[in-house]
Amino acid sequence: MGKILEINGPLVKLDLPQTVLGEQVRVGRMGLVGEVIGRDGDTALAQLYEDTAGLRPGEVAEGLGWPLSVELGPGLLGAIFDGVQRPLKAVWEQSGDRIARGVAVPSLPRDKAWHFVPDPRRPAGSVLAGGDVLGTVQETESILHRILTPPLIHGELLELAPEGDYTLDEAIGRVRLADGRIEKLHLFHRWPVRTPRPFRQRDHAVAPLITGQRILDTFYPLLKGGKAAIPGPFGAGKTMLQQQIARWCNAEIVIYVGCGERGNELTDVLEFMPELKDPHTGRPLMERTLLVANTSNMPVVAREASIYVGITLAEYFRDQGYDVVMVADSTSRWAEALREVAGRLGQMPVEEGYPAYLGSRLAAFYERAGRVETFAGDHGSVTLIGAVSPPGGDFSEPVTSHTKEIIQTFWALSKELADARHYPAVDWLESFSGYVKSAAKWWAQEVDPNWESARAEALDLLAASEELQRIVNLVGVEALSSEQRWTLEAAGLIKEGLLQQSATDEVDSFASPEKQYALLAALLDIYRHGMKLVKLGAPARRLIQLPLLAQARRWKSQHKSEDIAELKARIAAIPDSFDPLIQEYTASPSTLREATP
Amino acid sequence: MKNIEFRTATSAQGGLVVMAGVPGVAAGSRVQLRDHAGRIRSGLVIRSADDAVLVEVFEGTDALDLERTWVRFLDEPFRLPLSRDIMGRVFNGAGLPRDGRPPVISADRRDVNGEPLNPAARAYPREFIQTGISAIDGMNSLTRGQKLPIFSGGGLPHNRVAAQIVRQAKLLGEEAAEFVVVFAAFGASHSDARFFQESFEESGVLNKVVMFLNLADEPVIERLLTPRAALTAAEYLAFDLDHHVLVVMTDMTAYAEALREVAVLRGDVPARKGYPGYLYSDLAEIYERAGRIKNRRGSITMIPVLSMPSDDITHPIPDLTGYITEGQIVLGRELANQGVYPPVTVLPSLSRLMKDGVGKNFTREDHPHVASQLFASYAKALEVRGLAAIIGAEELSDADRRTLEFADAFERRFIGQGEDEDRSIHETLNLAWELLSMLPAESLIRVSEEELAKYHRGAA
Ligand SMILES: Nc1ncnc2c1ncn2[C@@H]1O[C@H](COP(=O)(O)OP(=O)(O)OP(=O)(O)O)[C@@H](O)[C@H]1O
Ligand SMILES: [Mg+2]
């Protein structure tokens, strides 16, 4: 037993010999938990996950002997945990509306029994290695929870329980380790959050993560197992975009980490998820979702931990062979928590107060994304999507610039677009994706062989219109040729008819890949028809008046993803709108001369 | 320990006192200092070790004579006594009466720091509050339980706008006009404080207002306590007494500056512009106290007022605030100079909870689309206005000229309104359609075709 020497905000100095860095400590009469972040002789410096008010020098302190770990087993799905994996619903029942300090509730429920079906490939006497599947529990209707052997176990399986109902405290098996010790197996195990979970080998990411958001899927795709960042100033739509991804993406498990953000946003997720159906399985979305919440008013120290708690949970489902998506809102708050700890430790700040290891910590975190072959021989993936909240919206600040170096897909949100309520405010010029080539294969196979060229054509059109807009801003639209004006108009059509997508519109909120491509192809078709006419001498002015242009802008919210036959019919009729003009301008070559400036 | 007075102060500077030889003092505990003149000051323990205890003194350390300073450790956090009698009262930043009436006596005394609300216990804010101001109700509407700051600048009428909201705010439907008001001013001038007091008096709500005032010439360090005391009172009114509480706080910039002042004294590492790295978390502790709780009837809706240093929205104070609150109402100098009241600059303004609190079951079915269309059309119109400034209005096409007319009318008639003009949401939406009807129907693609048919007056 040790004792408290000094309390300074969340930091306590302890007289506690023989602790190791990262070790969990329990401190004071209230039993507040924290971790050791510094050692000096017999004194240890610990940061506590809870407010330290009321602690006194002289109160007891003890080392717990293990690093911050999470419980991994049935009961995770649908739950909401705090930054150190305390189950917030159970905490609510126990301590009321406000989170009292020192509440100790196990992360996973101990009273609930789960129906365990042992894996027939595991007879007594067989060799058991870490990551092997012991059996399954049907945790929710859509998710089969595979009970895994803890990663570091290797030995002879002495006994595995028969099919039946077991609580987490009951042993479901015994294994003899190489050194002769006998270890009990349970439906769950623990894993330290700062250590990546092992796997057999890394695999190539192959399939795109379909989010149903056109500007993401069609223009800046992300792969399952990839890493992406969403930087943007406040109010630009980072949270909405992440919530949209959490709702609609075709991952099997979604982990939503609210790191230093608003309480209401988590309430929002808790309220809408159970009501919405997974468009891919038809089951309530909450069945595949779990939340980790350290809101901005909760203690900062646990904020730093919450990201690691989230990613460890993600890896655990990956190891069961699932495609997992983790969204982290916001990694900037995590970095700020890191900065606070560094500041208190007196470490040298390098840029804007951040410690020198900011970049390497960020990289190590994102490195935990990826598609892998598991020890059980399955394929699983963790896709990481981090929001970044740059101060003043300035992307050159340390967290954004380091993150940009690490990730492959960059969805940059723009204040100008958000101010004009162009949502999602993903800037089509600033954003990038390093996964286009891989995604193109999938789109060519599954949707349309022309996907890649259509995408490129639309992007060229957008880039060209940006140039033209600059000219217009200097000298007015009258200075443009008809061809240029039509280009500008067509780019506007792409922006409003395709890129803009309202999260709050029932029909438009999610677009299947087929619908995305149909719209893209249709709008390009309109562009090409118009261009042909302009080349024939039709003035852009006439084209811009075509009712088709206003109609096409509404297609996205008129045709559901499940029902795009009607949309396709409209697309087939596009030439009809141009026919009268075509006839007019092919018939009279004189107009051609007249209209050419 | 409560009853022992220590006379062991070893240093005092800028609001901080170091005490030696007081072992076992609880962190965060409240402290009472008696100075040589017998005046009592109060403070908090911010760092505690057996050999040295660091105390933050709210009234400051001016004229403190170390030899003749007696210190008592009260062994409890800073608490506010609460009872129904707080209604109609005026307190200082530390919760002591400043209206000449006796202190509130109650066994119910609560830690002003509160405890974080469990996110699982929150109820999502959904009910529309009608403020009677079109720029807010129509395009950036407020919901019950939301925190929606007013971003302003020196000389802009933020106080008048806040007072108008307090006067006019009501829910649609049965529970109308049930708001009570908690008003907190920190670093405010005497005239600002008087303005609010008079405005509450005139509208006859004074007996439903609780005020916490820490004025510009009062101790800086007490400013850190003021919003916390006010919110503790608000939580009591909302979640114990079932009131819907509107909390108006002004000026968050003064608060953040006080925090910086103290941080510098404590020697904390600065992040941006000298503000400590924990400014974000500290502000969040305040703002996140707004909201609703499941199974509780009351609510806390928060309208903090904040003046942006040099009108710069990227300054750390508005920036971090915007990252925490659920939107912002931005007041602009340009509109104000043109005589538009309230000068709400709508494009950078935002209400994040609007999407869940307006429309079919809340206000009117066309509301979300109309708002979206106004934003789009006005953004477009501003582009045209920029262009007109370059190439001259004569060069504009007819369509562009119409767009300009729309922008002017929108600013004068929709954003602009009287300080006593209380528009219903229907009036606001009808006015919006009247203005949108200045534009050709084909250009309005954010509203549905049905809505166009029903509301557009087809003047095009
Ligand atoms: N895809 C979208 N569809 C419709 N509305 C949107 C969309 N994205 C954003 N919005 C609007 O913008 C508001 C702000 O978005 P959001 O809360 O996601 O911003 P943010 O970038 O997360 O801000 P902060 O950094 O402050 O958390 C939303 O409340 C919503 O009104
Ligand atoms: Mg957000």
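Because only heavy atoms are used, hydrogens play no part in the values below, and waters and symmetry mates are left out as well, while side chains stay in. In the text below, chain A, chain B and the rest are named by the order of the sequence lines, each starting its count at 1.
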Which portion of [X] sits near chain A, non-hydrogen atoms under 4.5 angstrom:
{"X": "B:Val45", "result": "neither"}
{"X": "B:Ser48", "result": "both"}
{"X": "B:Pro77", "result": "neither"}
{"X": "B:Arg446", "result": "side chain"}
{"X": "B:Arg289", "result": "neither"}
{"X": "B:Ile390", "result": "side chain"}
{"X": "B:Arg30", "result": "neither"}
{"X": "B:Gln328", "result": "side chain"}
{"X": "B:Tyr378", "result": "neither"}

I'd like to check [X] versus [Y] (side-chain heavy atoms, cut-off strictly below 4.5 Å). Are they in contact?
{"X": "B:Arg352", "Y": "A:Phe234", "result": "yes"}
{"X": "B:Glu115", "Y": "A:Ile99", "result": "no"}
{"X": "A:Thr504", "Y": "B:Pro368", "result": "no"}

Does a salt bridge link [X] with [Y], judged by any charged N lying under 4.0 Å from a carboxylate O?
{"X": "A:Arg262", "Y": "B:Glu326", "value": "no"}
{"X": "A:Arg98", "Y": "B:Glu235", "value": "yes"}
{"X": "B:Glu449", "Y": "A:Arg554", "value": "yes"}
{"X": "A:Glu271", "Y": "B:Arg126", "value": "yes"}
{"X": "A:Asp97", "Y": "B:Arg122", "value": "no"}

Which portion of A:Gln551 sits near chain B, non-hydrogen atoms under 4.5 angstrom =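 It is neither, since no heavy atom gets under 4.5 Å.
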Chain B contact via A:Lys415 - side chain, backbone, both or neither, heavy atoms under 4.5 Å |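 Contact with chain B: side chain only.
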Determine whether a donor-acceptor pair (N or O, by modelled atom type, separation under 3.5 Å) exists between the side chain of [X] and the backbone of [Y].
{"X": "B:Tyr323", "Y": "A:Pro390", "result": "yes"}
{"X": "B:Tyr280", "Y": "A:Gly260", "result": "yes"}
{"X": "B:Asp319", "Y": "A:Gly392", "result": "yes"}

Look at A:Glu352, A:Glu261, A:His422, A:Glu416 and state which one has the largest set of heavy-atom pairs under 4.5 Å with chain B.
->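 Sorted descending by pairs with chain B, the first entry is A:Glu261.
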Take atom NZ of B:Lys380 as the centre, draw a 6.0 Å sphere, and report whether it contains more than 12 heavy atoms from other residues, nucleotides or ligands.
->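 Open: at most 12 neighbouring heavy atoms sit under 6.0 Å from NZ of B:Lys380.
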A:Arg29, CZ: over 12 other non-hydrogen atoms inside 6.0 angstrom |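 Counting other residues, nucleotides and ligands, CZ of A:Arg29 stays at 12 neighbours or fewer.
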Applying the side chain to side chain contact (heavy atoms under 4.5 Å, CB included) test to B:Pro116, which of A:Asn297, A:Asp82, A:Asp51 qualifies?
->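 Answer to the side chain to side chain contact (heavy atoms under 4.5 Å, CB included) test with B:Pro116 among A:Asn297, A:Asp82, A:Asp51: A:Asn297.
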Tell me, out of B:Pro318, B:Gly28, B:Pro23, B:Ala123, who's got the most heavy-atom pairs with chain A below 4.5 Å.
->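 Looking at each of B:Pro318, B:Gly28, B:Pro23, B:Ala123 in turn, B:Ala123 comes out on top.
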Partner chain A: residue of B:Thr314, B:Leu117, B:Asp400 with the largest heavy-atom pair count (under 4.5 Å) |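 Ranked by heavy-atom pairs under 4.5 Å with chain A, first place is B:Leu117.
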Would you tell me whether A:Arg303 and B:Ser281 have side-chain atoms, one donor and one acceptor, within less than 3.5 Å of each other?
->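 A:Arg303 vs B:Ser281: donor-acceptor pair found between side chains.
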